[in-house]
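So the structure is just underneath, and the comments pick up after that.
Quick note on labels: first sequence line is chain A, next is B, and so on, each numbered from 1.
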Number of protein chains: 2
Amino acid sequence: MLTPERHRIILQLLQEKEVVKLHELVEATQCSESTIRRDLSQLEKEKKLKRVHGGAALLQQKREELSVFEKSTKNIHEKQLIGKYAASLIQDGDCIYLDAGTTTFQMIPYIEAKNIVVVTNGIMHIEALLEKDIQTYLVGGFIKKKTNALIGRGAIHSLQQYSFDKCFIGVNGVHIDFGYTTPDPEEAFMKQTAIHLSQRAFVLADHSKLNESTFAKIAPLQEATMITDETDEELLAMYEEKTTVEVVKS
Amino acid sequence: MLTPERHRIILQLLQEKEVVKLHELVEATQCSESTIRRDLSQLEKEKKLKRVHGGAALLQQKREELSVFEKSTKNIHEKQLIGKYAASLIQDGDCIYLDAGTTTFQMIPYIEAKNIVVVTNGIMHIEALLEKDIQTYLVGGFIKKKTNALIGRGAIHSLQQYSFDKCFIGVNGVHIDFGYTTPDPEEAFMKQTAIHLSQRAFVLADHSKLNESTFAKIAPLQEATMITDETDEELLAMYEEKTTVEVVKS
DNA sequence: TAAAATTGAATGAATTTGATTGATTTTTTA
DNA sequence: TAAAAAATCAATCAAATTCATTCAATTTTA
């Protein structure tokens with residue numbers, strides 16, 4: 001049996017059952033455990049499924065967003081590292097746009113620059129920013145319940161009243177061809193606008209975001225400097241051809 | 001049975017029953033107590049549930065700190081009464097401006113009208129509004145730390161994008177000569193603008209506000225209907241000469 | 001045909017599992 | 001109320017399963 005056919009069978013069985021045992025796949029394909037293991041490894045690298053002990057499991061759909069709560073606990077350590085580094089880029093007197101989202105949120109405790117102004121569309125960010133006695137402006141607009149972010153026409157309009165030294169943007173996918181992406185077109189447009197209003201743009205993307213792409217395009221890679229904790233040299237080299245990449249090491 | 005499948009079963013049973021006994025999970029998954037215990041431990045670490053003696057429970061947050069906040073305010077009972085009455089004035093399909101502040105905040109739990117849109121400058125209000133599945137817009141602007149209200153040029157500008165069927169305004173003073181007043185001129189201007197953008201304006205003022213006046217003038221009495229719990233007939237008669245007064249009785 | 005890629009088997013390492021232990025908590029009983 | 005009984009718990013261990021890695025055999029490709 002050919003590799004693509006096996007892969008098709010594996011993914012199909014997975015679709016039907018949500019989780020599938022290694023043994024069932026051996027049964028279905030009539031080939032050895034080793035082969036199936038190799039297939040699962042590869043499919044996992046391609047983000048088509050998630051390996052689990054004893055088999056494989058379906059991973060959540062591309063366009064479906066996780067709740068804020070789930071997001072906030074995922075890759076928290078990596079996000080903190082990235083946040084800390086990103087925060088160190090802020091200089092005294094800067095005007096900053098801080099995108100909504102859990103990754104950019106992690107920057108706030110590490111901000112040390114004085115006399116800065118921060119504009120944000122993230123309601124969650126406000127309390128933390130005020131706690132640090134940072135002059136904070138909020139853009140107006142519609143409140144998206146799921147992410148607690150301000151989006152829509154009003155938000156864009158509100159945003160356009162400002163211009164920034166630097167902006168820090170969170171994304172859901174970074175892809176060599178599709179650039180920076182996020183599931184919601186409204187949010188994508190918001191992020192895009194912020195990038196265009198800024199002298200320098202930074203995208204914060206932990207390693208789980210690389211080689212991913214979701215529905216709505218924000219901007220091509222070269223429009224922002226990417227900050228990531230990815231360590232795979234080969235992968236990084238690929239992105240470095242297209243844009244500036246700052247790698248955070250733990 | 002694979003780990004993700006067990007986890008799914010556990011979480012699903014939990015969704016249905018709120019709390020679930022260890023023994024039921026053993027029954028449902030046909031595996032040992034130890035395994036279930038380990039699963040529960042892990043799911044608890046992932047904040048997917050809360051372990052309790054004998055099993056697990058759904059985790060519920062927020063509610064409590066809200067009540068703490070509610071109790072910390074002055075004249076809470078009167079404000080609730082006023083809030084309840086004011087909320088009853090909202091009709092299906094209305095576009096509403098809800099001013100920041102504790103009095104207007106009390107309206108939210110009592111809002112029953114369907115298909116309404118609420119614009120607010122109060123950050124505290126957001127969570128409660130979203131909880132009630134109300135379409136919510138926030139004005140942009142500078143965040144005043146003390147009151148968690150959005151004010152300033154940006155806020156005014158943002159507000160002027162809308163027009164309202166009704167607005168509900170909190171004030172610090174109501175005075176027969178000076179009209180409605182509040183200490184901060186920026187906030188006063190915000191409230192004034194909202195009143196002018198609304199077909200009908202309501203000022204919520206518990207009895208402690210009457211015959212008081214503070215620094216910044218919002219509007220003369222006749223520009224808004226006053227909702228109060230004051231009972232002094234003589235006092236009320238005085239105000240009723242100048243404007244419409246709605247009296248809430250406990 | 002030779003080089004490269006794929007496959008299945010074999011190895012020991014790593015993970016998961018259920019049973020057991022004694023400690024802790026809850027309920028029952030006196 | 002306090003002691004006893006029952007239930008539940010965390011910690012540990014050994015057996016079973018699953019895993020990654022290696023290597024030789026086979027198939028595919030150039």
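A close approach under 4.0 Å does not occur between any side-chain nitrogen or oxygen of B:Arg37 and OP1 or OP2 of C:dG18.
A salt bridge is absent between A:Lys144 and A:Glu186; no separation between the charged side-chain nitrogens and carboxylate oxygens falls under 4.0 Å.
Although no hydrogens or angles enter the test, the distance criterion places a donor-acceptor pair under 3.5 Å between the side chain of A:Tyr180 and the main chain of A:Leu221. The backbone N or O of B:Ile123 lies less than 3.5 Å from no partner atom in the side chain of B:Asn148, so there is not a single donor-acceptor pair. Remark: the backbone N or O of A:Leu98 is paired with a side-chain donor or acceptor of A:Thr120 at under 3.5 angstrom. Between the side chain of A:Asn115 and the main chain of A:Asp92, no donor-acceptor pair closer than 3.5 Å is present. B:Thr104 places a side-chain N or O within donor-acceptor distance of the main-chain N or O of B:Asp99, the cut-off being under 3.5 Å. Between the side chain of B:Thr136 and the backbone N or O of B:Ile134, at least one donor-acceptor pair lies under 3.5 Å.
Going from atom CG of A:Leu22 over to atom P of C:dT16 covers 15 Å, rounded to whole Å. In this structure, CD1 of B:Ile36 is placed 16 Å from C1' of D:dA10, rounded to the nearest angstrom. Regarding A:Glu5, its CD atom lies at a distance of 16 Å from the C1' atom of C:dT6, rounded to whole Å. Note: CD (A:Glu33) to P (D:dA20) measures 11 Å, nearest angstrom. Between the NZ atom of B:Lys21 and the P atom of D:dC9 there is a distance of 12 Å, given to the nearest Å. The CG-C1' distance, from A:Asp39 to D:dA20, rounds to 15 Å in whole Å. The interatomic distance linking B:Leu40 (CG) with D:dC9 (C1') rounds to 12 Å, in whole Å.
With B:Arg6 as the partner, the side-chain hydrogen bond (donor to acceptor under 3.5 Å, both in side chains) test is satisfied by one option alone out of B:Asp39, B:Thr35, B:Thr29: B:Asp39.
Residues of residues 23-31 of chain A that place a heavy atom closer than 4.0 Å to DNA chain C, in numerical order, are A:Cys31. Using a 4.0 Å cutoff on non-hydrogen atoms, the parts of residues 50-57 of chain B near DNA chain D are B:Arg51, B:Val52, B:His53, B:Gly54, B:Gly55, ordered by number.
Residue-environment remark: CD (B:Glu44) exceeds the threshold of 12 foreign heavy atoms within 6.0 Å. Counting non-hydrogen atoms of neighbouring residues, nucleotides and ligands closer than 6.0 angstrom, the NZ atom of B:Lys21 reaches no more than 12 such neighbours.
For the 3.5 Å distance criterion, the side chains of B:His207 and B:Thr231 fail to qualify, holding no donor opposite an acceptor. At a cut-off of 3.5 Å, with distance as the only test, a side-chain donor of A:Thr102 or A:Lys79 sits close to an acceptor on the other residue.
Rounded to 10°, the helix from C:dT1-D:dA30 to C:dA30-D:dT1 has 40° between the axis fitted to its first five pairs and the one fitted to its last five.
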What side-chain donor-acceptor pairs closer than 3.5 Å can you find for residues 48-56 of chain A, not counting sequence neighbours?
{"residue": "A:Lys48", "atom": "NZ", "partner": "A:Glu46", "partner atom": "OE1", "Å": "2.9"}
{"residue": "A:Arg51", "atom": "NH1", "partner": "A:Ser41", "partner atom": "OG", "Å": "3.0"}

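Residue pairs meeting the salt bridge (charged side-chain N to carboxylate O under 4.0 Å, His left out) criterion with at least one member in residues 165-175 of chain A, sequence neighbours excluded, are A:Asp94-A:Lys166.
Nearest to the side-chain atoms of B:Ser32 among the listed nucleotides C:dG8, D:dC9, C:dG18 stands C:dG18.
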Would you tabulate the pairs of protein nitrogen or oxygen atoms and nucleotide nitrogen or oxygen atoms of nucleotides 22-30 of chain D closer than 3.5 angstrom?
none

